[in-house]
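Atoms considered below: every heavy atom in the structure, side chains included; atoms not considered: hydrogens, waters and symmetry mates. By convention in this document, chain letters (A, B, ...) are assigned in the order of the sequence lines, proteins followed by strands, and residues within each chain are numbered from 1.
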2 protein chains.
Amino acid sequence: MTRVLVIDDEPQIVRALVINLKARKYEVDAAHDGATALQLAAARHPDVVVLDLGLPDLDGVDVIKGLRGWTRVPIIVLSARHTSDEKVEALDAGADDYVTKPFGMDELLARLRAAVRRAEPTGADEDEVAVETDEFTVDLAAKKVNRAGRDVRLTPTEWHLLEVLVRNSGRLVSQKQLLQEVWGPSYGTETNYLRVYMAQLRRKLESDPSHPKHFVTEPGMGYRFER
Amino acid sequence: MTRVLVIDDEPQIVRALVINLKARKYEVDAAHDGATALQLAAARHPDVVVLDLGLPDLDGVDVIKGLRGWTRVPIIVLSARHTSDEKVEALDAGADDYVTKPFGMDELLARLRAAVRRAEPTGADEDEVAVETDEFTVDLAAKKVNRAGRDVRLTPTEWHLLEVLVRNSGRLVSQKQLLQEVWGPSYGTETNYLRVYMAQLRRKLESDPSHPKHFVTEPGMGYRFER
DNA sequence: CCGGCGCGTCAGGGTTCCGTCAAAGGCGTC
DNA sequence: GACGCCTTTGACGGAACCCTGACGCGCCGG
């Protein structure tokens, strides 16, 4: 059964969604603030998330980023804001769709079906939450890196970079893709950023930073994380 | 480079889209009716499709179905119709997103980025991701070549050349086509480049580089990859 | 028999790309 | 306002890569 996580602070909207979804044989969890939402998502692993941007505790975009840190679950954003900027920001943060309130229930359900459908065949959203190497462990959900029993402190940018590499474990990630995912879609040529932060990651995580085993450089193409 | 197929019968909309997309380094094809659209999609394998529903020849939904018959390429629908029914129908037919006209260019571009982003890591718009021979394995998604259990390091040019040959596995690829795909459209006669890099590929991948089994020369014509 | 052509091989030199270090700029906290 | 942390930027040596020219070989036609 498809599991949906609904995040909204307005009870009547939550109720309407829950009723409609349950009637269509979805399994539904609901949260009314960002913190419980992130917690619920980690615990329940929903197949799709419906997220209202106007939450009491966290900014909606931060919720998106929090989710995108460790999962590719489809996120459909609900919002009362019609401005283009809001939409662009949410979509670039990692949302899959953006629906403005008031919305038609039929349309939302159709968008939800579309989101679930295209997520399906990739198979396991259960792409591990923790990745281990012989030297350190990366916990994507908890946003923690452990090395020799001690937690390693990473800056936000370091963590974001690590995240992208680990999520594509084994695959080559092009410099452009790294730049755009970490620094934003308007970046793509500032390869010096990559050099600096890759050096910092290696210094913090590799046992011999000048001869990296896990963060491999492919000259002229990009970087690759090997466990 | 990301390839976009724009389908719309209104010239001014097509022009606006093409200009904006090209300015952002997308490669753009355009069609003004459904028949040529389907043809172009098959020939060019776009990474994302922008489709206007009001076409002169075919119904928009039929175009969606025609595409969905053989590809999972993201489809973003443009339409002047605001009714819920239209949206539901298009989305359930296989569209990924639905934008009503008039639309904000920023928003459309953001939705386009979102569509491309989530389609990316699954890798294969192509059928096969990994190609095996008796001596080595080419993983097109991870950009990895494995031979006798060990990863083979390829330079960007070597990899690019290998990619073109493997994607045309079994077929003869002309020297001109190889040169243009790897070195750019303005090349076509510099066959010495091919000789050098083909030699390097064979040295790295063939068990007997001077008697190649997989990278076959067709004198005067081009090269062929045989698995 | 010999010259031309296409292909494979090799090695050098110019250029690009990467790792490293250091310092300046931005931002929030105390 | 001073401090600390993080990000951005610039500079430099060294490595990796790409282009280039030269040479040898086999094939074919003159």
For [X] and [N], what is the distance between atoms [atom1] and [atom2] respectively, to the nearest whole Å?
X      : N      : atom1 : atom2 : answer
A/M198 : C/dT20 : CE    : P     : 12 Å
A/L161 : D/dT7  : CG    : C1'   : 13 Å
B/R195 : C/dC7  : CZ    : C1'   : 6 Å
A/H211 : C/dC18 : NE2   : P     : 18 Å
B/L194 : C/dT9  : CG    : P     : 14 Å
A/L179 : C/dC17 : CG    : C1'   : 14 Å
B/R203 : C/dT9  : CZ    : P     : 7 Å
A/Y223 : C/dC17 : OH    : P     : 12 Å

Listed in order of residue number, which residues of residues 57-69 of chain A have a non-hydrogen atom at under 4.0 Å from DNA chain D?
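Within this stretch, nothing sits under 4.0 Å of the strand.
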Between N or O atoms, less than 3.5 Å apart, protein on one side and nucleotides 17-21 of chain D on the other: list the pairs.
from, atom 1, to, atom 2, distance (Å)
D/dC18, OP1, B/T157, N, 3.0
D/dC18, OP1, B/T157, OG1, 2.5
D/dC18, OP2, B/T155, OG1, 2.9
D/dC18, OP2, B/Y197, OH, 3.4
D/dC18, O5', B/T157, OG1, 3.4
D/dC18, O5', B/Y197, OH, 3.1
D/dC19, OP1, B/W183, NE1, 3.4
D/dC19, OP2, B/W183, NE1, 3.0
D/dT20, OP2, B/Y193, OH, 2.5

Give one of base, sugar-phosphate or nothing for B/T191, where a contact means two heavy atoms less than 4.0 Å apart.
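No contact.
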Report which part of the nucleic acid B/F215 touches: base, sugar-phosphate, or nothing (heavy-atom distance under 4.0 Å, all strands).
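B/F215: no heavy atom of the nucleic acid under 4.0 Å.
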Euclidean distance, [Y] [atom2] relative to [X] [atom1], rounded to 0.5 Å:
X      : Y      : atom1 : atom2 : result
B/H160 : B/E181 : NE2   : CD    : 7.5 Å
A/L5   : A/L67  : CG    : CG    : 8.0 Å
A/M198 : A/R203 : CE    : CZ    : 13.0 Å

Considering just the side-chain nitrogens and oxygens of A/T217, establish if one lies under 4.0 Å of OP1 or OP2 belonging to C/dC17.
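For C/dC17, OP1/OP2 do not have a side-chain N/O of A/T217 under 4.0 Å.
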Evaluate A/K101 against A/E10 for salt bridge (Lys or Arg N to Asp or Glu O under 4.0 Å), listing each step before the verdict.
CA-CA 12 Å; A/K101 297 196 270 191; A/E10 299 173 56; 2.9 Å; yes
Run the salt bridge (Lys or Arg N to Asp or Glu O under 4.0 Å) check on A/D139 and A/K144 step by step: do they pass?
CA-CA 5 Å; A/D139 187 334; A/K144 270 190 177 173; over 6 Å; no
Evaluation steps, ring pair (Phe, Tyr, Trp, His ring centres under 6.0 Å), between A/Y197 and A/W183:
CA-CA 12 Å; A/Y197 278 92; A/W183 279 270; 5.8 Å; yes
A side-chain contact here means heavy atoms from C-beta on lying under 4.5 Å apart; do B/L162 and B/F215 qualify?
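When only atoms from C-beta onward are counted, B/F215 and B/L162 do touch, with a gap below 4.5 Å.
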Flag side-chain contact, heavy atom, 4.5 Å: A/I75 against A/V50
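They are not in side-chain contact.
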Any salt bridge between B/E135 and B/K213, counting N to O under 4.0 Å?
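So B/E135 pairs with B/K213 through a salt bridge.
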Please determine, for the side chain of B/R202, which listed nucleotide (C/dT20, C/dC18, C/dG8) has the closest atom?
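Of the options given, the side chain of B/R202 lies nearest C/dG8.
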